[in-house]
Amino acid sequence: MEERSYVETARRDKRAALEAAGVPAFAYRYDRTHSVAEARALFRDDMGDEGPVVSLAGRIARRAPQGKTTFLDLEDGSAKIQLYLRRDELGEHYQMLEHLDLDDHVGVRGRLFRTQRGELSLRPTEVTLLAKSLRPLPRGKTQATEEGAVTYGDLSDPEVRYRQRYADLAVHPEVRDVFRQRARAISWIRRFLDERGFLEVETPILQPLYGGAAARPFVTHHNALDTELYLRIADELYLKRLLVGGLERVYEIGHDFRNEGMDRTHNPEFTMLEVYQAYADYTDMMTLTEAMVAGVIEHCLGTRILERGGVTLDFTPPFRRVSFIEGVRAGCGLDLRTAPEEDLRRVVTDAGEPADAAREMGGGKLQDEVFKVVLEPHLVQPTFVLDYPKPLSPLAKEHRGDPALTERFELFVGGRELANAFSELNDPDDQRRRFEDQARQRAAGNEEAHAFDADYIRALEYGMPPAGGMGLGIDRLMMVIADQPSIRDVILYPAMRPEEG
RNA sequence: GGGGGCGUAGCUCAGCUGGUAGAGCAAGGGACUUUUAAUCCCUAGGUCGUGGGUUCGAGUCCCACCGCCCUCACCA
């Protein structure tokens, strides 16, 4: 049994006292007439002491008993309001107040008015305990200053904030706002796609073969089938099968799982949007992505121009476009298609990468590294990087103008990848060769190489229409929209090591 | 995985070259009928992350472990 702090003991004593007096500590329901924000909006200054009567429910966020008068702050999901309680107006209810604590849920009914100090308040004639708080929330104390509210002694330990998100949310209205904004953004994206004829679908998370990206998977086991299953690393291959089946525009918003490192921009499970459109190519995807990203930002923030970390980001379409090859050439003078690998390695090591790591690189890996060093850090404004070298893009169609490249783009913002799209490879024989190549890499020890997916090849053989496909990391988009520096701040329950080792 | 930092009361933190713990807020008692971080008086509250070691003596020094943060690497 966990030992209780003296604070909790005091609260339990109060609970017992209330229950002994016939006051239930945990009520069943309460009819409120307004949210606190709605109630605040009802009041007009010409009402004087005769404001409307409302019923509100929420937590006690401040307690300031003053003898025959008690001030409480009541906070619900929308806002805070001060309660002004008088013994001569509450009668026997007033005795109950001394058994109420910070954080208790209460319902109150009374008239709105403005105090002499000018604070919009509620003057309750009834107070109902709705739920006792037996453990104090880690609240700070808020003071109004000339520059706005300042909170002292506030919960700040990131570990506690992520592990006990309920407490973090309860004491930080601004954290609740981040997740409200997230919900608004996602529902706007659904509407955007629905209006354009895209069908929202759900594909398997448990998969016998994983694919669609280069990543190590989580492995699990199905008892009844006695078989290994993988948590998906991407939706791609299942969604493209639907194009074969005649669902011409599909999308999915769901979690992918990648069994790799975690940091400020990576959580092991994360929310991905994938969109596929038949008879379209990557230029159509670029238009779609631009409209969607600019639209959702404008919907959430009311503007397309954002200040982020001292930099002004302008999401007004059209976004900048930079060719992968040209961008690298402008950055280091080398043409990735023709430059000797030695020269590419020198670019990488000159940028501070360890020489021995660079020596082991070759082919696509080396090209990717050159890009990361030369171009990626400069992609601050929303920028499409176009036409990736073929070795980097095993699921993308060969570029119609250059067999060394693929028709692919990635969208970068603030130096980070936000979206990835191609003209989808739909030639089953080509795809088979690429899978075979991946199988060879896998046999050579590359854990991230694709498995050979015979069923997917079979689907392509039936004939997949030409299509554009796009994937967008919802969490990273939310980091931009909500101006949060860590992916953990836009995920309600980020991955953490289990407590107690 | 490498490097750096952190872990002390319910919360935020202080604690020097080692001498067995402090503050503010929160809590309990008292005063107070318009407060705004209310104020004033009093009181209580701690296996100093865990386990070893050095020492007459460890929150402090050493070692190991656990957890979190930052950073590099890997990746995405």
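Just so it is clear: chains get the letters A, B, ... in the order the sequence lines come, proteins before strands, and each one is counted from 1. Since this is a predicted model, take the numbers as computed values, not measurements.
Across all strands, A/Asp256 comes closer than 4.0 Å to no nucleic acid atom at all (heavy-atom distances). Residue contacts shown for A/Asn259 are absent, as no nucleic acid heavy atom lies under 4.0 Å away. Within 4.0 Å of A/Gly140, counting heavy atoms only, lies no atom of the nucleic acid at all. Across all strands, A/Ser156 comes closer than 4.0 Å only to sugar-phosphate atoms, never to a base (heavy-atom distances).
Comparing A/Arg163 and A/Ser486 against RNA chain B, the residue whose closest nucleotide sits nearer the 5' end is A/Arg163. Nearer to the 5' terminus of RNA chain B, by closest-nucleotide assignment, is the contact made by A/Arg11 (compared with the other of A/Pro268 and A/Arg11).
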- Message: What does the B/S/- profile of nucleotides 29-40 of chain B look like, 5' to 3', with a 4.0 Å heavy-atom cutoff to protein?
- Response: ---BBBBBBB--
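Side chain of A/Thr289 to backbone of A/Met285: a donor-acceptor contact under 3.5 angstrom is found.
B/G22 and B/G15 have their P atoms separated by 15 Å, with the value rounded to a whole Å. Rounded to a whole angstrom, the distance from the P atom of B/A14 to that of B/U55 is 31 Å. Only the P atoms considered, B/A38 is 16 Å distant from B/G24, to the nearest whole Å. Atom name C1', nucleotides B/G7 and B/G46: the rounded distance is 15 Å, in whole Å. When the P atom is compared between B/C11 and B/C74, the two are found 39 Å apart, to the nearest whole Å. For the P atoms, the distance from B/C48 to B/U20 is 15 Å, rounded to whole Å. Comparing B/C6 with B/C62, their P atoms sit 12 Å apart, to the nearest whole Å. Comparing the same atom, C1', in B/U54 and in B/C66 gives a spacing of 23 Å after rounding to whole Å.
Nucleotide B/A31 forms a Watson-Crick or G-U wobble pair with B/U39, both donor-acceptor distances falling under 3.5 Å. For B/C61, the paired base is B/G53 (Watson-Crick or G-U wobble, both distances below 3.5 Å). The nucleotide B/C68 finds its pairing partner in B/G5, both defining distances of the Watson-Crick or G-U wobble pair being shorter than 3.5 Å. For B/C25, the paired base is B/G10 (Watson-Crick or G-U wobble, both distances below 3.5 Å).
Within 3.5 Å, no donor on the side chain of A/Tyr6 pairs with an acceptor on the base of B/G28, nor the reverse.
When distances are taken from the side chain of A/Ala10 to each of B/A27, B/C75, B/G67, the shortest belongs to B/A27. Each of B/G10, B/A76, B/G28 was ranked by its minimum atom distance to the side chain of A/Pro136; first place goes to B/G10. Of all nucleotides listed (B/G28, B/A26, B/A76), B/A76 comes nearest to the side chain of A/Ala214.
The CG atom of A/Asp101 sits 12.0 Å away from atom CZ of A/Arg59, with the distance rounded to the nearest 0.5 Å.
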